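The model shown is predicted, which means the values in this text are computed figures rather than measured ones.
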Amino acid sequence: CVFVGLIVAWLVVGVEIELFIHKKHHIQTPLTHRRTDRAPTLPTRQQPARNLPPASRNHHRSPITTTMGPKMNPIPNGKYAALVALLSGHSLIGGYYAATRPEGAGWRFFSWHPFLMMVGMVGMMGAAALTKKRGGYTNTKLHGIMAWVGMMIAAGGFYVIYQNKESMGKAHFTSYHSWAGLAAFGGCILPGIAGAVFLHPDFGIDKQNKLYRAVHKYASRSLLILAWMATLSGFKTLIGDDIKTLILFAAPLVVAAPFTLM
């Protein structure tokens with residue numbers, strides 16, 4: 001089920017990216033205001049330019065443009081690529097390292113839990129947050145797709161830990177780590193649904209509502225902080241009191257957090 005979900009998720013991403021490539025949609029759409037009821041009167045010596053109709057006086061001005069969402073300073077391409085690479089690399093390499101802890105444990109069924117959680121909540125969700133900060137129509141849609149793919153991958157990790165505890169006869173949700181992970185994963189579903197219904201750039205029913213946008217942004221960032229903290233607490237459980245390794249594991253998150261979550 002986990003592999004099928006991952007395959008479907010990546011297919012959705014591929015299809016959407018192809019649609020972006022072929023769709024002729026620009027972030028800014030010029031709107032020109034013209035009067036068709038009568039032709040403007042050209043200025044003459046007897047008629048100064050200030051007496052012309054408004055449409056004629058303003059024809060030299062730049063066309064009015066509409067943009068998606070409030071104005072923002074997008075992340076430069078170089079910084080965006082570096083941060084996405086940092087989070088992606090950390091989710092894959094750090095996820096694999098966590099999955100094979102404690103030392104000598106190797107890869108087992110449980111290993112899919114930390115690995116998928118890292119890829120979903122750190123790699124994909126972090127990249128989704130960074131992509132939204134770039135602004136614009138296409139990046140807004142990519143943000144939503146990447147966030148939902150991240151939640152689907154994290155759902156696979158949630159399924160693994162649930163089945164692992166069932167097979168071992170252990171109780172569920174007995175630690176702060178488990179409750180933090182459940183709150184972060186379950187909580188992200190609500191902003192995801194609200195974002196798709198209310199804020200989607202194509203069919204969102206209230207996509208210009210500033211209150212909805214603010215709640216969606218800050219709730220999502222708060223939940224992502226909680227998810228990243230849950231990854232650290234889970235890693236701490238696997239390695240014990242090795243503080244040096246914990247600090248090295250947390251370093252990429254500390255570096256990326258100000259640009260991604262603030």
Which residues pass the side chain to side chain contact (heavy atoms under 4.5 Å, CB included) test with Leu190, sequence neighbours left out? none
I need the full list of salt bridge (Lys or Arg N to Asp or Glu O under 4.0 Å) pairs touching residues 97-108, with sequence neighbours left out, sorted by first then second residue. Arg101-Glu103
Could you walk me through whether His113 and Tyr159 pass the ring-ring contact (aromatic ring centres under 6.0 Å, His included) check? CA-CA 8 Å; His113 169 65; Tyr159 168 81; over 10 Å; no
With the 4.5 Å side-chain cut-off for hydrophobic clustering, are Ile205 and Ile193 part of the same group? yes
Nearest atoms (heavy-atom pairs only) where Lys207 meets Asp202: NZ-O, 3.9 Å
Contact check, side chains of Phe158 and Leu182, non-hydrogen atoms, under 4.5 Å: yes
Side-chain heavy atoms nearer than 4.5 Å, only ILVMFWY residues, links allowed to pass through others: does that put Val255 and Ile93 together? no
Point-to-point distance, once rounded to the nearest 0.5 Å, from CD1 of Ile239 to CG of Leu246: 5.0 Å
Holding to ring pair (Phe, Tyr, Trp, His ring centres under 6.0 Å), I want the full list of residues that pass it with Tyr212, two or more places apart in sequence or in another chain. Phe198
Cluster question for you: counting only ILVMFWY and a side-chain heavy-atom cut-off of under 4.5 Å, with indirect links fine, are Val84 and Leu224 together? yes
So, His143 side chain and Leu130 main chain: donor-acceptor pair closer than 3.5 Å or not? no
Treating Ile, Leu, Val, Met, Phe, Trp and Tyr as nodes and any side-chain heavy-atom pair under 4.5 angstrom as an edge, say whether Phe185 and Leu226 lie in one connected cluster. no
Which side chain to side chain donor-acceptor pair (under 3.5 Å) pairs, counting each pair once, include a residue from residues 244-262, with sequence neighbours left out? Asp242-Thr245
Short side-chain to backbone donor-acceptor contact, Ser91 and Val119, under 3.5 Å: no
Considering non-hydrogen atoms only, spot the tightest contact between Leu87 and Ala256 and give its length. CD2-CB, 3.6 Å
Between Tyr96 and Trp107, does the ring-ring contact (aromatic ring centres under 6.0 Å, His included) criterion hold? Intermediate values first, please. CA-CA 9 Å; Tyr96 178 82; Trp107 191 274; 5.7 Å; yes
What distance separates Tyr97 OH from Phe115 CZ, expressed to the nearest 0.5 Å? 16.0 Å
Heavy-atom count around Leu248 CG within 6.0 Å, excluding the residue itself: above 12? yes
Side chain to side chain contact (heavy atoms under 4.5 Å, CB included) with Met229: which residues, sequence neighbours excluded? Ile225
What residue pairs, at least two apart or across chains, pass side chain to side chain donor-acceptor pair (under 3.5 Å) with a residue in residues 76-85? Asn77-Arg134, Tyr80-Thr131
Mind checking what makes side chain to side chain contact (heavy atoms under 4.5 Å, CB included) contact with Ala257, not counting sequence neighbours? Trp228, Leu261
After noting the C-alpha distance and the side-chain angles of Met125 and Met146, does the key distance pass the side-chain contact (heavy atoms from CB on, under 4.5 Å) rule? CA-CA 7 Å; Met125 295 287 280; Met146 295 168 74; over 6 Å; no
Check: Asn139 and Lys132 side chains under 4.5 Å, non-hydrogen atoms: no
Of all heavy-atom pairs linking Cys188 and Met151, the shortest is O-SD, 3.4 Å
Phe249 to Gly94 - nearest heavy-atom pair and separation: CE1-O, 3.5 Å
Please report the shortest heavy-atom distance between Leu223 and Ala184, naming the atom on each side. O-CB, 3.8 Å
Connected via hydrophobic side-chain network under 4.5 Å: Leu199 and Val197: yes
According to ring pair (Phe, Tyr, Trp, His ring centres under 6.0 Å), who are the partners of Phe259, at least two apart in sequence or on a separate chain? none
Could you note down all residue pairs passing side chain to side chain donor-acceptor pair (under 3.5 Å) where residues 168-190 supplies at least one of them, sequence neighbours left out? Glu166-His172, Ser175-Ser178, His177-Ser233
For Leu211, which residues count as a side chain to side chain contact (heavy atoms under 4.5 Å, CB included) partner, sequence neighbours excluded? Asn209, Val215
By salt bridge (charged side-chain N to carboxylate O under 4.0 Å, His left out), which residues pair with Lys236, not counting sequence neighbours? Asp241
Which residues pass the ring pair (Phe, Tyr, Trp, His ring centres under 6.0 Å) test with Phe109, sequence neighbours left out? none
What closest approach, in Å, do Ser220 and Pro191 show between heavy atoms, and which atom pair accounts for it? OG-CB, 3.4 Å
When rounded to the nearest 0.5 Å, the distance separating CD1 of Ile161 from CG of Leu116 is 11.5 Å
